[in-house]
J.: 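Here's a structure for you.
Basis for what follows: all heavy atoms, side chains included, without hydrogens, waters or symmetry-related copies. Keep in mind that this is a model prediction, so the values were computed, not measured.
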Amino acid sequence: MKGIRAKDEYVPVFVNNLPEGMQWRWLKQLFEYHGKVIDAFILNKRNIRGKRFGFVRYANINDANKAINRMGILASKVAYRCQFGKI
């Protein structure tokens, strides 16, 4: 079908330690600074430590790498943890 992309064309980035009030729209907006975000979502589940987490999917690996590297620098102040994820 036209307009639908294969799952393999997206690059998911796992984001951990999200604040309680964070919404998926804010997560998407925060990560759009680093490149073209396809979508973002926050799971209702929590990690072992009770922290919220979610995924941001990028259109290409270069944008995902930029986000992971830049957010890694920011992590010391905000405590987000980013890495490549599996969806």
J.: Between atom CG of Leu30 and atom CE of Met22, what is the distance when rounded to the nearest 0.5 Å?
T.: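 That separation rounds to 5.5 Å.
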J.: Just how far is it from atom OH of Tyr33 to atom NZ of Lys66, taken to the nearest 0.5 Å?
T.: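 So the gap between those two atoms works out to 9.5 Å.
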J.: Could Asp63 and Lys36 be called an ion pair, given the rule that one side-chain N must be under 4.0 Å from one carboxylate O?
T.: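 Judged by the 4.0 Å cut-off on N to carboxylate O distance, Asp63 and Lys36 do not form a salt bridge.
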J.: Look up atom CH2 in Trp24 and atom CD in Gln29, then write down how far apart they are to the nearest 0.5 Å.
T.: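 Result: 11.0 Å between the selected atoms.
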J.: Quick one: does Arg52's side chain get under 4.5 Å of Ile42's, heavy atoms only?
T.: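 Yes, close enough: below the 4.5 Å cut-off.
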J.: Let me confirm one number: the CG-CZ distance from Asn16 to Arg49, rounded to the nearest 0.5 Å.
T.: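 Atom-to-atom, Asn16:CG and Arg49:CZ are 8.5 Å apart.
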J.: Taking side chain as C-beta onward, heavy atoms only, is Asn17 less than 4.5 Å from Lys51?
T.: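 A side-chain contact exists here, since the closest heavy-atom pair is under 4.5 Å.
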J.: With side chain to side chain contact (heavy atoms under 4.5 Å, CB included) as the test, pick out the partner of Leu18 among Asn47, Leu27, Leu43.
T.: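 That would be Leu27; it is the only one of Asn47, Leu27, Leu43 passing the side chain to side chain contact (heavy atoms under 4.5 Å, CB included) with Leu18.
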J.: What do the steps show when you test Val56 against Val15 for side chain to side chain contact (heavy atoms under 4.5 Å, CB included), and what is the final call?
T.: CA-CA 7 Å; Val56 177; Val15 185; 4.1 Å; yes
J.: On a heavy-atom basis, which atom in Phe53 and which in Arg46 lie closest, and how many Å separate them?
T.: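 It is CE2-C, 3.6 Å.
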J.: Going hydrophobic residue to hydrophobic residue with side-chain gaps under 4.5 angstrom, can you get from Trp26 over to Tyr58?
T.: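 The answer is yes; both residues are in one hydrophobic cluster.
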J.: Working to the nearest 0.5 Å, report the span between OH of Tyr10 and CZ of Phe55.
T.: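 So the OH of Tyr10 and the CZ of Phe55 are separated by 15.5 Å.
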